[in-house]
Amino acid sequence: MEALRAPSSVTSLSYIPKTLHRNTTFYKPKFMNLQSSPIPSWSFSSSSPFNKNTPRPFKVFTISSPPSSSSKVSTENAPPPPEPELETDSKEEKFDWFSEWYPVIPVCDLDKRVPHGKKVLGIDIVVWWDKNESSWKVFDDACPHRLAPLSDGRIDNLGRLQCAYHGWCFNGSGNCKLVPQAPPDGPQVHTFKKACVGVYPSIVHHDMVWFWPNTDPIDKDIITKKKPPFIPEMDDPSFAKDFFTRDIPCGYEILIENIMDAAHVPYSHYGIFQIDQPPEVKVDREGGKPLELSVNQLDINGFDGNHVWDDAKFAAPITFYTDTNPNVFQSKGLDFSAATDKTQYSFGKKLPEQRRMVVFFCVPVSPGNSRLIWVAAKNFGSWIQKIIPQWMLHIRLNLLVDSDLHLIHIEEHRLVEAGNWLKTCFVPTKSDAFVVGFRRWLHKYSGGQVDWGGKFGTETLPPTPPREQLMDRYWTHVVNCKSCHSAYKSLNALEVILQVISIVSFGIVAATRQSVAMSTAVRTMVVTMAAVCFSASRWLARYIYRNFHYHDYDHTLH
């Protein structure tokens with residue numbers, strides 16, 4: 001790796017202006033004054049089927065591999081830095097963050113009896129089931145009366161959303177239907193326009209509730225003009241799907257970088273999860289190796305590329321998914337394995353090729369906060385979902401998140417302090433191609449940051465909380481997951497039952513200590529049962545805490 005290092009005083013990447021105008025030009029990153037072989041140059045390609053519309057010419061990153069670090073090249077003999085290549089914009093484009101559909105929550109985690117409060121793109125919303133129209137609704141999470149959160153309210157006996165503060169009720173169209181404090185013979189104040197609550201266009205798509213972040217009536221029928229991203233496998237009945245959602249105390253940008261980055265898996269997730277077979281010659285214990293990643297096309301809609309798993313797509317702004325070969329996955333405790341022969345037969349008939357879609361939705365919540373919705377869809381091994389509870393799979397997925405969380409949280413704070421990702425980070429290998437491609441997209445079409453609609457002013461990150469709060473599982477996942485929350489309540493009830501049995505058993509033994517009514521053998525058996533129940537309750541309490549509250553993942557001990 002010495003051959004890849006540059007002097008600390010040298011700026012790694014040239015600065016790219018934040019505003020791009022018509023016919024504006026910008027240059028490739030340029031590495032200068034290196035002590036060994038030149039850093040690989042970035043080249044570009046414009047052919048891709050990703051965009052359904054005819055793509056405008058645009059040069060996109062791929063990375064040429066550097067010479068082997070084992071072959072030392074003197075500074076004197078090193079060739080000069082590559083000449084900058086020119087890119088020309090045919091027109092100025094800016095990504096509109098408020099003209100996109102965003103997933104809010106999987107339907108499987110929703111309870112029709114209660115409203116659910118969420119934040120997306122800095123907007124507080126409430127999702128609730130309108131039984132009168134048999135559909136999920138997304139409203140502003142603020143009662144027009146005094147702005148109390150409607151997500152703390154209830155669904156009344158007539159199927160209306162009721163504010164818990166003063167009892168105002170709203171139907172599925174956002175119209176106020178009841179103001180209890182208004183006299184019946186007075187003005188019908190509930191009919192006033194100011195009594196209505198904001199309603200967002202919403203739809204159930206791919207088994208998730210999506211919303212359009214604009215309450216303007218002009219967007220009421222936006223679904224007829226623009227639809228959420230469509231992934232055929234997620235609507236294919238032959239594909240079984242697993243959902244996992246967790247709120248992440250890191251910004252959208254750093255989360256989606258982490259999702260795109262395959263190179264960190266052998267290290268950050270060592271002993272938990274592995275992609276692909278380890279190399280024949282291992283350079284370290286973890287088995288890291290060069291990864292052949294490339295971006296084939298980048299435009300305002302995102303990019304597509306070649307992934308270590310298979311093909312990958314970034315559908316801007318939040319969706320990243322891969323069409324994967326199931327044989328490349330290895331895991332301890334996760335169902336990512338499959339038969340080595342992809343062609344399977346049953347009763348002499350050839351079965352469809354085994355395929356897996358791994359889809360990530362990285363939803364911006366607020367500066368320094370995001371939401372991950374993870375979906376695995378596969379057309380094989382569906383029987384496993386029927387016998388293994390979903391909450392057990394989520395325990396392993398939470399461990400995966402935890403093994404990254406502290407690393408990327410600190411990384412994000414340092415990047416914000418540095419102020420310029422392109423000038424700060426040193427990304428010389430193909431393994432960073434997707435991350436660099438995303439940063440180029442974000443810079444080119446969104447000025448390098450999320451548009452929060454002016455809600456947060458100068459973007460600042462919340463301070464780093466204590467480690468136990470940073471890696472909390474209960475408030476970031478368990479309370480929002482129907483499967484995990486049910487398991488949590490059941491296991492807590494079992495813990496209480498074990499404690500009661502233990503206490504009662506010890507009490508019986510103590511009460512009959514001087515009595516001859518209980519034989520020594522029976523007394524011994526009762527004492528043993530009490531001790532076993534007490535020990536089991538203590539073990540269960542620790543299990544609940546580590547798997548549903550906080551598991552401190554220490555990389556130094558793995």
Q) Only one of V359, I259, D311, V375 forms a side chain to side chain contact (heavy atoms under 4.5 Å, CB included) with Y321, so which one is it? A) V359
Q. Atom SG of C250 and atom CD1 of I410: how far apart are they, to the nearest 0.5 Å?
A. 9.0 Å
Q) Can you tell me if D242 uses its side chain to pair, donor with acceptor, with the backbone of A376 under 3.5 Å? A) no
Q) Passes ring-ring contact (aromatic ring centres under 6.0 Å, His included), F314 versus F434? Steps please. A) CA-CA 9 Å; F314 166 52; F434 285 1; 9.8 Å; no
Q | L293 side chain reached by N306 side chain, heavy atoms, under 4.5 Å | A | no
Q | Donor-acceptor side-chain pairing of Y200 and D140 below 3.5 angstrom | A | yes
Q. Do C484 and H477 touch side chain to side chain, with heavy atoms closer than 4.5 Å?
A. yes
Q: Indicate, with yes or no, if the rings of W97 and Y445 have centres closer together than 6.0 Å.
A: no
Q. Could you give the distance from CZ (R440) to CG (L422), rounded to the nearest 0.5 Å?
A. 6.5 Å
Q) Can any side-chain N or O of D472 pair as donor or acceptor with the backbone N or O of W475 at less than 3.5 Å? A) yes
Q | Exercise: do H116 and D111 side chains pair donor with acceptor under 3.5 Å | A | no
(Q) In this structure, is the centre-to-centre distance between the rings of W441 and F95 below 6.0 Å? (A) yes
(Q) Whether K482 and D109 form a salt bridge (side-chain N of Lys/Arg under 4.0 Å from carboxylate O of Asp/Glu) is what I want to check. (A) no
Q) Between W129 and W136, does the ring centre distance come in under 6.0 Å? A) yes
Q) Does any non-hydrogen side-chain atom of H205 lie less than 4.5 Å from one of M234? A) no
Q) Can you find a heavy atom in the side chain of I203 that is under 4.5 Å from one in the side chain of P228? A) yes
Q: May I have the step-by-step check of side-chain contact (heavy atoms from CB on, under 4.5 Å) for Q449 and L442, ending in yes or no?
A: CA-CA 6 Å; Q449 60 187 357; L442 188 66; 5.7 Å; no
(Q) Would W210 and F361 count as a side-chain contact (heavy atoms from CB on, under 4.5 Å) here? Give the steps. (A) CA-CA 12 Å; W210 296 64; F361 300 96; 3.7 Å; yes
Q: State, to 0.1 Å, how close R439 and L415 come at their nearest heavy-atom pair, and which atoms those are.
A: NH2-CD1, 4.3 Å
(Q) Please determine whether side-chain contact (heavy atoms from CB on, under 4.5 Å) holds for the pair L110 and V209, giving the CA-CA distance in whole Å, both sets of side-chain angles, and the decisive distance to 0.1 Å. (A) CA-CA 9 Å; L110 288 170; V209 174; 3.6 Å; yes
Q. Quick one: do R246 and D402 make a salt bridge, cutoff under 4.0 Å?
A. yes
Q | Heavy-atom closest pair, residues I222 and P201 | A | CG2-CB, 3.9 Å
Q. Taking C-beta and beyond as the side chain, do P364 and V120 meet within less than 4.5 Å on heavy atoms?
A. no
Q. Under 6.0 Å from the six-membered ring centre of Y550 and within 45° of its axis: does the NZ or CZ of R473 meet both?
A. no
(Q) Which label fits F211 and Y102: parallel for a plane angle under 30°, tilted from 30 to 60°, or perpendicular past 60°? (A) tilted
Q) Is the side chain of E412 donor-acceptor paired with the backbone N or O of G251 at a distance under 3.5 Å, no angle test? A) yes
Q.
Using modelled atom types and a 3.5 Å cut-off, is there a donor and acceptor pairing between side-chain atoms of H409 and backbone atoms of P249?
A. yes
Q) Between N379 and S238, does a side-chain hydrogen bond (donor to acceptor under 3.5 Å, both in side chains) hold up when you go through it step by step? A) CA-CA 6 Å; N379 64 353; S238 68; 5.3 Å; no
Q. Any donor-acceptor pair under 3.5 Å linking the side chain of H269 with the backbone of P266?
A. no
Q. Just how far is it from atom SG of C362 to atom CD1 of I256, taken to the nearest 0.5 Å?
A. 4.5 Å
Q) When rounded to the nearest 0.5 angstrom, what is the spacing between CG in L121 and CG in D451? A) 7.5 Å
Q: Walk me through it: do Y553 and H406 pass the test ring-ring contact (aromatic ring centres under 6.0 Å, His included)?
A: CA-CA 9 Å; Y553 193 94; H406 187 261; over 10 Å; no
(Q) Does either side chain, that of E257 or that of W421, offer a donor lying less than 3.5 Å from an acceptor on the other one? (A) yes
**Q.** Note: K226-E100 ion pair, threshold 4.0 Å (strictly below)
**A.** yes
(Q) Within the 4.5 Å heavy-atom criterion, are Y474 and H485 side-chain neighbours or not? (A) yes
(Q) Is it true that H551 and N398 share a donor-acceptor pair across their side chains at a distance under 3.5 Å? (A) no
Q | Close side-chain approach of W212 and S202, heavy atoms under 4.5 Å | A | no
Q) What are the two closest non-hydrogen atoms of E286 and Y270, and how far apart are they? A) CG-CD1, 3.6 Å
Q | Donor-acceptor contact present, side-chain H206 to main-chain I231, <3.5 Å | A | yes
Q. Which atom names give the shortest non-hydrogen contact between L298 and G437, and what distance separates them?
A. CD1-O, 3.1 Å
(Q) With a sphere of 6.0 Å drawn around NZ of K220, does it hold more than 12 non-hydrogen atoms of other residues, nucleotides or ligands? (A) no
Q: Could you grab the distance from atom CD1 of I373 to atom CD1 of I105, nearest 0.5 Å is fine?
A: 8.0 Å
Q: To the nearest 0.5 angstrom, please state how far the CD1 atom of I123 sits from the OG atom of S366.
A: 12.0 Å
Q: Determine the minimum heavy-atom distance between S151 and P115, stating which atoms define it.
A: O-CG, 3.7 Å
Q.
If we ignore hydrogens and angles and just use 3.5 Å, is the side chain of S403 paired with the main-chain N or O of L400 as donor and acceptor?
A. yes
Q) Taking the six-membered ring for Trp, is the centroid-to-centroid distance between Y488 and F548 below 6.0 Å? A) yes
Q) Does a donor on one side chain and an acceptor on the other come within less than 3.5 Å for T224 and D221? A) no
Q | Side chain proximity check, W391 to C481, heavy atoms < 4.5 angstrom | A | no
Q. Which pair of heavy atoms, one from P367 and one from P462, lies closest together, and at what distance?
A. O-CD, 3.4 Å
Q: Would you sort out whether I248 and N369 count as a side-chain contact (heavy atoms from CB on, under 4.5 Å), showing the intermediate values?
A: CA-CA 6 Å; I248 308 294; N369 292 282; over 6 Å; no
Q: Check D247, N480, I318, L255 against R371 for a side chain to side chain contact (heavy atoms under 4.5 Å, CB included) and give me the one that passes.
A: D247
Q. Are a donor atom and an acceptor atom from the side chains of D404 and S268 found within less than 3.5 Å of each other?
A. yes
Q: Please lay out, stage by stage, how W452 and Y252 fare under the test ring-ring contact (aromatic ring centres under 6.0 Å, His included).
A: CA-CA 12 Å; W452 299 105; Y252 149 85; 8.3 Å; no
